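So the structure is just underneath, and the comments pick up after that.
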Amino acid sequence: MSMTKSAGGPQGAVDLKLDLKPSSESAKKLQNKDSSFLDGSPSESPDLETTKGITAFQALVHLVKGNIGTGVLGLPLAMKNAGILMGPLSLLAMGFISCHCMHILVRCAQRFCHRLNKPFMDYGDTVMHGLEASPSTWLRNHAHWGRRIVSFFLIVTQMGFCCVYIVFLADKLKQVVEAVNSTTNNCHYNRTVILTPTMDSRLYMLSFLPFLVLLVLVRNLRALSIFSLLANITMLVSLIIITQSIIQGIPDPSHLPLVANWKTYALFFGTAVFSFESIGVAVPVGQDPLHNWHPVHLRPAVLRPCRNHHSLRHLPGVKALGTASGLVHPPRHGQPDMIMQTLIHLLKCNIGTGLLGLPLAMKNAGLLVGPFSLLAIGILTVHCMVILLNCAHRLSQRLQKTFVNYGEAMMYSLETCPNTWLRTHSVWGRYTVSFLLIITQLGFCSVYFMFMTDNLQQMVEEAYVTSNTCQPRKILVLTPTLDIRFYMLAILPFLILLVFIQNLRVLSFFSTLASTTTLWSMALIFEYIVQEIPDPRNLPLMASWKTFLLFFGTAIFTFEGVGMVLSLRNQMKHPQQFSFVLYLGMSLVIILYICLGTLGYMKFGSNTQASITLNLPNCWLYQSVKLMYSIGIFFTYALQFHVPAEIIIPVVISQASESWVLFADLSVRTALVCLTCVSAILIPRLDLVISLMGSVSSSALALIIPPLLELITFYPEDMSCVTIAKDVMISILGLLGCVFGTYQALYELIQPINYSIANSTAVYA
């Protein structure tokens, strides 16, 4: 079979490059080596040198060179068009998306190579075969148009890159030639002078033409790798010199806008996407050395849904409702696990936004009552986690199941209850737990929304008064330029993209990143609050009982990992080691809670805000703390979102036809994220929402249900009177906190609020 033959569509300009591939005889040999080609092992046949040509190092050289082009030098202007805050964040997000799309593109090509027994698959072929596997008859009949569209875009994109390169070369050479008479050895000043043009830029472009024609006659990537390496070296040296120059004497950036006009942001988007120039070489460098060069953004739209059509039922979101009430599914045999990885998940799920609200919680409880009450709630919560683990373990042994989640544990325990009515309605135990998990986790996500927008608004509104010296804040009421709800809507699209990640292995990377940024931020926060703590003797040791109810909700909300302990244990290869991880991790968490809450309240006293980050000095160091902590919370959003998504999505998908499964999955995820955004918009009071969610759902999951579950599960086995009394008392305590805490939070919520800046008792500068 000819390498140039297409399954559909004419041979266009792009296919002319394919005609330069090895002959039919070489192609047959290449197909015999298919397995070694796909797994990256080297080929021994000299005929395959042009097809299986580059090493890992050469591929790395090409990839780096493909990204470091003219686009990187235009990024400072792109940042100007986006804003000094919006620019870096947007560029980071676009970088993640582009890298993910490269990975998807290579995986799709490899899948079709394996399925169709082909040694290579270019971008056009991959899209065409993806459409041929589509459930839509119309798409299958017009599959060849996928290849034509890709060919058109790749021609436009790559020729556009080349045009930019020629313009860049001509401009730089022209500037060097014209400024040669004004060049000095003094590099301290950049004085603008009027230069006499030597000749038109188009003449410089024509002078490059013969050399470029000779260069593109080299068709083998192995031969081009030396030129790519040379380009990397020269550009690396140049970038080092440029970086060394711009970091010297940086002026005060406080006058620069954090967020630019939306019209100029559109220019930023184009420049940023252009900078990721290697997106088209992902497939060629991984597979096909004589190749079509591919643009990227056509593929999320068509290719992946078609490829996954026949296996959508195996997506994590399409699992049975029984395994959906936890963060992860039962582990596969031999699945690797690490105690440190589980500990990281446990810490990250408990160190969220609730932690930063503890200083205000201490204010609501009192300097003496607050720490002791928080210690007691922490001990009770950990004890209830242990109860939950023991009950699930006993039920899994009794029913000979490998995994029992929170909802199943409640249902199975009611099925063995001596009460006939409870046995008949045992399924409602599962429904109740699932409902509370959904409310709790979506509440966490709504709080994350508010936290990120509160800090983003404060950074933007105070940018023009931010200084380089970190002095305590002085009260200064600022007039907001943008409503806080605008910032919520600005974050919304990025969170929607984030929750499309369904694999816990991928989320573990984001969890580690979130833990790193959170740890760094917490270190700086502690470093500030322990300095020059005022005399705390004027602070009340015990606050009003009404505000203590708000403390209860905030404290119980802070232990955000209650719904994840079963899943974290079941993902371990040796679940019996989880007890050590639980006690170690939660001990560290409780100590951190008490220290931060108490010291924060002592530091800021009556001016303590809903989040302690709002009390930090208005200097660039602590503005970066807010930014880094917000980034950590952003990634934690995906972990907390996973639980309600895994409960709701299977129910929705079970009602959809197979061809609509993926669409239904993504639609539900998008709708749930929008729901958390709407909730944050309707109730933009961070402290009261934390207290309300803690009182309503967290108290039920953490304090009320586990003791009742132990009574139902172990009562037939002759429980001691002390254990029964203990479980009853814990459940009653949780119920009282739930009822009165909910009442007080709702009462405070109906009071008038300022929607512009909702989470500050006063606005600080």
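Fair warning: this is a prediction, and the values are worked out from it, not measured in the lab.
Between the R669 side chain and the V499 main chain, a donor and an acceptor come within less than 3.5 Å of each other. Counting only distance, with no hydrogens or angles, the side chain of Q609 and the backbone of N607 share a donor-acceptor pair below 3.5 Å. Between the side chain of T713 and the backbone N or O of E710 there is no donor-acceptor pair closer than 3.5 Å. Of the possible donor and acceptor atoms, none in the side chain of Y629 sits under 3.5 Å from a partner among the backbone N and O of L356. In terms of modelled atom types and a separation under 3.5 Å, the side chain of N350 and the main chain of M586 share no donor-acceptor contact.
Rounding to the nearest 0.5 Å places CD of E748 at 9.0 Å from OG1 of T547. A distance of 9.0 Å separates CG in L374 from OG1 in T381, rounded to the nearest 0.5 Å. Taken from CZ in F526 to CG in L599, the straight-line distance is 6.5 Å, to the nearest 0.5 Å. For the atom pair T608 OG1 and L614 CG, the distance stands at 11.0 Å (nearest 0.5 Å). Note: I647 CD1 to Y406 OH = 12.0 Å, rounded to the nearest 0.5 Å. In this structure, CD1 in I612 is found 11.5 Å from NZ in K626, a value given to the nearest 0.5 Å.
Taking the six-membered ring for Trp and the full ring otherwise, F444 and F641 have centroids separated by 6.0 Å or more. For F634 and F494, the gap between ring centers reaches or exceeds 6.0 Å.
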message: Pair I529, I533 - check side-chain contact (heavy atoms from CB on, under 4.5 Å), show working.
response: CA-CA 7 Å; I529 63 177; I533 297 178; over 6 Å; no
field: Evaluation steps, side-chain contact (heavy atoms from CB on, under 4.5 Å), between V433 and E408
entry: CA-CA 9 Å; V433 170; E408 289 176 333; over 6 Å; no
- prompt: Between T558 and V589, is a side-chain contact (heavy atoms from CB on, under 4.5 Å) present by the stated rule, with each step listed?
  reply: CA-CA 10 Å; T558 306; V589 166; over 6 Å; no
message: Working note: M602 + T598, criterion side-chain contact (heavy atoms from CB on, under 4.5 Å); need CA distance, chi angles, decisive distance, verdict.
response: CA-CA 6 Å; M602 293 171 60; T598 305; 3.8 Å; yes
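Other residues, nucleotides and ligands place more than 12 heavy atoms under 6.0 Å from the CD atom of Q576.
Among all heavy-atom pairs drawn from L703 and G734, the shortest one is CB-CA, 4.1 Å. Across all non-hydrogen atoms, the minimal contact from T613 to Q458 is O-OE1, 3.9 Å. For G694 against I556, the heavy-atom pair with the smallest separation is O-CG2, 3.0 Å. Shown here for F451 and S630, the closest heavy-atom pair between the two residues is CE2-OG, 3.9 Å. Between L436 and A700, the shortest heavy-atom contact is CD1-CB, 3.8 Å. Here the shortest heavy-atom pairing between P707 and S731 reads CB-OG, 3.2 Å.
Counting heavy atoms from C-beta on, the side chains of L627 and L89 come closer than 4.5 Å. Two residues are said to be in side-chain contact when any heavy atoms from C-beta on lie closer than 4.5 Å; F578 and V565 meet this criterion. Using a 4.5 Å heavy-atom threshold, the side chains of D454 and Y487 count as separate. Two residues are said to be in side-chain contact when any heavy atoms from C-beta on lie closer than 4.5 Å; L541 and V369 fail this criterion. Within the 4.5 Å cutoff, the side chain of F557 has no heavy atoms near those of the L692 side chain. Contact annotation: the side chain of Q623 never approaches that of L85 to less than 4.5 Å [non-hydrogen atoms, C-beta and beyond]. At a threshold of 4.5 Å between non-hydrogen side-chain atoms, the residues Y637 and V673 count as touching. Counting heavy atoms from C-beta on, the side chains of T554 and D687 never come closer than 4.5 Å.
A donor-acceptor pair shorter than 3.5 Å can be found between the side chains of S720 and T723.
Cation-pi geometry between K603 and Y528 is met: the NZ or CZ atom falls under 6.0 Å from the ring centre, inside 45° of the normal.
Among the candidates W545, F551, F552, the single residue satisfying the ring-ring contact (aromatic ring centres under 6.0 Å, His included) test with F548 is F551.
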